[in-house]
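A short write-up of the structure that comes next.
These numbers were taken from a predicted model, which means no experiment stands behind them.
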Amino acid sequence: MSDVLAPASLHSFLQAVSNFFDNLASVSWGALAIGLLCFGANATIRSRAYFNVLRAALPTSVFRWRTIWGAYVAGFGINQVIPARAGDVVKVFLTKNAVPQATYPTVAATYTVELIFDNFMAILVLTFAFTQGVFPKPPDFSKLGAFDLSYLASHPRFTLFLLTLLGVLTLVAFALLSMRVRAFWARVKQGYTILRDRRRYLRQVAALQFVGWLFRGAAIWALLEAFHIGGSVRNVLLVLGVFAVSSVVPLTPSGAGVQQALLVKIFAGAAAPAAVAAYSVGQEIALAAFSFALGLAALFFIFRVRSFREVIRAGRDERAAAEAGAG
C-alpha cells in the first residue's frame with residue numbers, strides 16, 4: 001500500500017504547488033503580510049512566556065529576553081524546513097549556552113512547560129473540529145493521500161507498536177540518565193519550578209500563551225483571506241485542528257503533507273478546488289519561508305552564526321567535548 005500512497009501523495013502535492021503558482025497573481029498581498037506579522041507576533045509572545053519559565057527555573061542567572069527570543073525563533077524556523085522536530089534540538093542548545101548555570105535537562109524541561117496549555121487548547125480545538133462534519137474521522141485518515149498519516153492510519157498494529165516502542169525507549173533513556181547522573185532528576189524538576197506557583201504560571205505563562213494563540217488565529221484568518229477561502233472563526237478553528245493533527249506525527253517539515261491533505265478535504269466545498277489547493281500549499285510555503293528567514297536572521301544578528309548547519313556542528317562539538325571530559 002505504501003508504494004501506491006507515496007506516488008499518489010507526491011502527485012497531489014505537486015498539483016497543489018502548480019495551482020499555487022497559477023493563482024499567485026490573485027493572492028491578496030496585504031492580507032498575506034498581515035498574516036505573517038501576526039505569526040511573528042505569536043512567536044515573540046510565546047518566547048516571552050518561555051523566558052518567564054526559564055527565569056523561574058534559574059533565578060540567580062542573568063540573561064536577556066532578546067537572546068531567548070533568538071533561540072526560540074531559530075528553533076521555530078528550522079522546524080519549518082527539517083522534519084522530526086530538529087529545531088527543538090537547536091533551540092535547547094542555543095538556550096543552554098546563552099544562560100549561565102543552565103543544564104540541558106533543565107532547559108529541555110522548561111520547554112515542555114509550554115505543552116500544558118498548548119495541549120489543553122489543542123483538545124478544545126479538535127473537539128470543535130470533529131463536531132463540524134467536514135473534518136475526517138481518524139479511521140478515514142488512510143484515504144487522505146498523505147503518506148505518513150495514511151500509512152499509520154491503515155496499519156493500526158504498526159502504529160500501536162511504534163507508540164509503545166517510543167514510550168519504552170523514553171523510559172529506558174530516563175532510567176539510564178538517572179543512573180549515570182545523580183542530579184539529573186533534580187535538574188529536570190528545576191525546569192518545572194514555575195508550576196509550583198499557580199498564580200505566577202497563569203499570569204506569566206498561560207495568559208501570554210493564550211494571547212499568542214489569538215495572534216496565531218489572526219494570522220490564519222488573514223491567510224484565509226489572502227487566498228480567498230474566507231476568514232471566519234469556524235474556518236480558523238478548523239485550520240488549527242489541522243495543525244494539531246499534523247504535529248502528532250512530524251515525519252515531514254511542519255507536517256506539510258498532512259496539512260495539505262487535510263486542508264483540501266475540509267475546505268472542499270468552501271471554494272474552487274484549485275483555490276483550496278493553492279491555499280493549502282501557499283500557506284505552508286509562506287509560513288515556512290517567513291519562519292526560516294526570521295530564524296536565520298536571529299542566528300546571524302544575535303548569535304553571530306551564519307547557518308543552521310553551523311549551530312548543529314557546534315552542538316556536536318560541545319557534546320563530544322563533554323563526553324571526553326566525563327571520560
How far does [atom1] of [X] sit from [atom2] of [Y], to the nearest 0.5 angstrom?
| X | Y | atom1 | atom2 | value |
| --- | --- | --- | --- | --- |
| L287 | L223 | CG | CG | 5.5 Å |
| L36 | Q283 | CG | CD | 10.0 Å |
| L238 | F130 | CG | CZ | 10.5 Å |
| W65 | N52 | CH2 | CG | 9.5 Å |
| N42 | Q209 | CG | CD | 10.0 Å |

Evaluate the side-chain proximity of [Y] to [X]: yes if any heavy-atom separation is below 4.5 Å, no if none is.
| X | Y | answer |
| --- | --- | --- |
| I220 | F243 | yes |
| F63 | R55 | yes |
| L299 | L94 | yes |
| N97 | F303 | no |

With a 4.5 Å cut-off on side-chain heavy-atom distances among I, L, V, M, F, W and Y, is there a chain of contacts connecting [X] to [Y]?
| X | Y | value |
| --- | --- | --- |
| I45 | F290 | no |
| L126 | F267 | yes |
| L224 | L214 | yes |
| F292 | L37 | no |
| W221 | F215 | no |

Under 4.0 Å between a side-chain nitrogen and a carboxylate oxygen: does that hold for R46 and D118?
yes
Expected output: side-chain [X] to main-chain [Y] donor-acceptor under 3.5 Å:
| X | Y | value |
| --- | --- | --- |
| N235 | G230 | yes |
| T95 | V92 | no |
| Q204 | A49 | no |
| S61 | P100 | yes |
| S291 | A288 | no |
| T106 | A102 | no |

Tell me whether the count of non-hydrogen atoms from other residues, nucleotides or ligands lying under 6.0 Å of CZ in R196 goes above 12.
yes
Evaluate the criterion side-chain contact (heavy atoms from CB on, under 4.5 Å) for residue pair I266 and Q132; output intermediate values, then yes/no.
CA-CA 10 Å; I266 65 175; Q132 297 305 295; over 6 Å; no
Parallel, tilted or perpendicular: which fits the ring planes of F120 and F117, with parallel below 30° and perpendicular above 60°?
tilted
Under a 3.5 Å threshold, yes or no: a donor from one side chain and an acceptor from the other, between Y72 and T44?
no
Side-chain donor-acceptor pair under 3.5 Å between S28 and E225, yes or no?
no
Quick check with a 6.0 Å cut-off and a 45 degree axis cone: is K91 positioned over the face of Y111's six-membered ring?
yes
For W213, does the six-membered ring have the charged nitrogen or CZ of R216 within the cation-pi criterion, i.e. under 6.0 angstrom from the centroid and within 45° of the normal?
yes
